[in-house]
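Following: one structure in structure tokens, then a few remarks.
Numbering of ligands and ligand atoms starts at 1, following listing order.
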Amino acid sequence: MPQVYISTHPLVQHKLALLRDERTDPKKFRELVREIATLLVYEATADLVTKPAAILTPLGRAEGKRLAETIGLVPVLRAGLGMVEGAWQMIPGAEVWHIGLSRDERTLQPVAYYSRLPVSPTVDVCLVLDPMLATGGSAIAATNVLKEWGARRIKFVGIIGARPGVERFTHAHPDVPLYLAGLDEELNEAGFILPGLGDAGDRMFGTG
Ligand code: PRP
């Protein structure tokens, strides 16, 4: 799966282990999701385009670089919300556009309940944020929405992906790279990633 990047960074792996731990409470869980998002966004934005910029330091002229592309963060509600602050720490000027998708517990199909996108694209690069990619249905649906909107460059930033869902996603959207902290092999009958971390939204918001 050439477009799938699993972070090998020791900080990411350390924080992922803490995140998976069943003893991690919602406050700590939120902190970890935010921190992992910061680190993954750093990795996912390594190929952003820059342009030369002349700068005056207190001691003279310097040649620098500035971002030439505008970024949109697209959190998939609810759990993707937890990744926004972390991404913003790296890209404070990013616009945020929300997509609400909820997985039907019986069919495991994503049900769209909210979409807040402008009429035409306002950013060059969209980073879809959702900690979990299980069957892949939600990530595929969110990416479909963005493509219908006219988004040109899309990247998916998650935390844990399940191999069957990741394969389904790469088949549906071969042009969209995925950045993850971990790749698990299986899903259970209820569509939960094994071993995963449980229900990210419930653990984040204390609703489990
Ligand atoms: C979870 C998760 C993803 C989706 C992954 O959200 O945050 O959005 O399920 O599953 P999939 O890959 O099989 O589509 P959920 O629908 O539970 O909503 P929530 O974030 O509001 O809890």
Side-chain angles (χ1 to χ4, degrees), residues 1 3-6 15-16 19-20 22 24-27 29-37 40-41 44 72-87 96-117 126-147 154-174 176-208:
M1 295 189 284
Q3 93 238 38
V4 182
Y5 303 93
I6 314 295
K15 290 176 191 298
L16 176 62
L19 192 71
R20 288 184 190 271
E22 64 178 2
T24 298
D25 68 14
K27 178 173 185 288
F29 192 91
R30 290 192 295 271
E31 287 171 9
L32 289 163
V33 167
R34 190 183 71 228
E35 291 166 354
I36 292 170
L40 290 179
V41 163
L73 307 177
V74 186
V76 178
L77 307 178
R78 291 176 304 168
L81 281 178
M83 299 176 72
V84 172
E85 279 297 331
V96 177
W97 300 99
H98 300 84
I99 292 180
L101 292 170
S102 182
R103 205 170 60 155
D104 184 297
E105 285 179 12
R106 196 176 47 83
T107 65
L108 299 184
Q109 293 302 308
V111 179
Y113 61 88
Y114 186 76
S115 172
R116 180 72 177 84
L117 294 173
C126 290
L127 301 181
V128 180
L129 306 176
D130 191 340
M132 308 301 278
L133 191 158
T135 67
S138 300
I140 291 170
T143 305
N144 285 341
V145 170
L146 290 178
K147 286 188 174 176
I154 304 170
K155 294 162 178 260
F156 181 90
V157 183
I159 294 182
I160 301 180
R163 187 179 292 278
V166 169
E167 286 175 351
R168 192 173 155 218
F169 182 90
T170 57
H171 187 70
H173 293 295
V176 177
L178 291 110
Y179 298 83
L180 300 167
L183 181 67
D184 289 1
E185 293 301 320
E186 287 184 84
L187 294 168
N188 68 13
E189 322 76 61
F192 279 90
I193 300 174
L194 294 178
L197 50 69
D199 187 311
D202 282 344
R203 291 193 65 183
M204 187 180 298
F205 296 108
T207 51

Would you indicate whether the side-chain heavy atoms of Asp184 and Glu186 approach each other to under 4.5 Å? no
May I ask whether atom 21 (O) of ligand 1 is less than 4.0 Å from at least one protein heavy atom? yes
Heavy-atom side-chain proximity of Met132 to Asp199 below 4.5 angstrom: no
Strictly under 4.0 Å, does any heavy atom of Asp130 approach an atom of ligand 1? yes
Any protein heavy atom at under 4.0 Å, with atom 5 (C) of ligand 1 as the reference point? yes
For ligand 1, find out whether one of its N or O atoms is nearer than 3.5 Å to an N or O atom of Tyr113. no
Between Leu19 and Thr24, is there a side-chain heavy-atom distance shorter than 4.5 Å? no
Where is the nearest protein heavy atom to atom 18 (O) of ligand 1: which residue, which atom, and how far? Leu101 O, 4.2 Å
Checking contacts here: is it the side chain or the backbone of Leu133 that comes within 4.0 Å of ligand 1, counting heavy atoms only? Could be both or neither. backbone
For the pair Tyr5 and Tyr179, name the ring-plane relationship: parallel under 30°, tilted 30 to 60°, perpendicular over 60°. parallel
Do side-chain atoms of Gln3 reach the backbone of His173 as a donor and acceptor pair under 3.5 angstrom? yes
Give the residue, atom name and distance (to 0.1 Å) of the protein heavy atom nearest atom 17 (O) of ligand 1. Asp199 OD2, 4.2 Å
Measuring from atom CG of Leu194 to atom CG of Leu187, what distance do you get when rounded to the nearest 0.5 angstrom? 7.0 Å
Return yes when atom CD of Glu105 has more than 12 non-hydrogen atoms of other residues, nucleotides or ligands closer than 6.0 Å, and no otherwise. no
Drop me the distance from Leu40's CG to Leu180's CG, to the nearest 0.5 angstrom. 7.5 Å
Is the closest N or O pair between Pro131 and ligand 1 shorter than 3.5 Å? no
If you have a sec, work out which protein heavy atom is nearest atom 14 (O) of ligand 1 and how many Å separate them, to one decimal? Ser138 OG, 2.6 Å
Any heavy atom of Ser102 sitting closer than 4.0 Å to ligand 1? yes
Any idea which of Arg168, Gln109, Arg103 brings a heavy atom closest to atom 10 (O) of ligand 1? Arg103
The test is side-chain hydrogen bond (donor to acceptor under 3.5 Å, both in side chains); show your working for Arg103 and Thr135 and say whether it passes. CA-CA 10 Å; Arg103 205 170 60 155; Thr135 67; 4.6 Å; no
Close approach of Gly136 to ligand 1, heavy atoms, under 4.0 angstrom: yes
Should Arg168 and Pro164 count as side-chain neighbours, where that means a heavy-atom distance under 4.5 Å? no
Do any nitrogen or oxygen atoms of Met132 come within less than 3.5 Å of a nitrogen or oxygen of ligand 1? no
Can you report which non-hydrogen protein atom sits closest to atom 13 (O) of ligand 1, along with the distance? Thr135 OG1, 2.5 Å
I'd like to check whether Ala139 has a polar contact with ligand 1, where a contact means an N/O of the residue lying under 3.5 Å from an N/O of the ligand. no
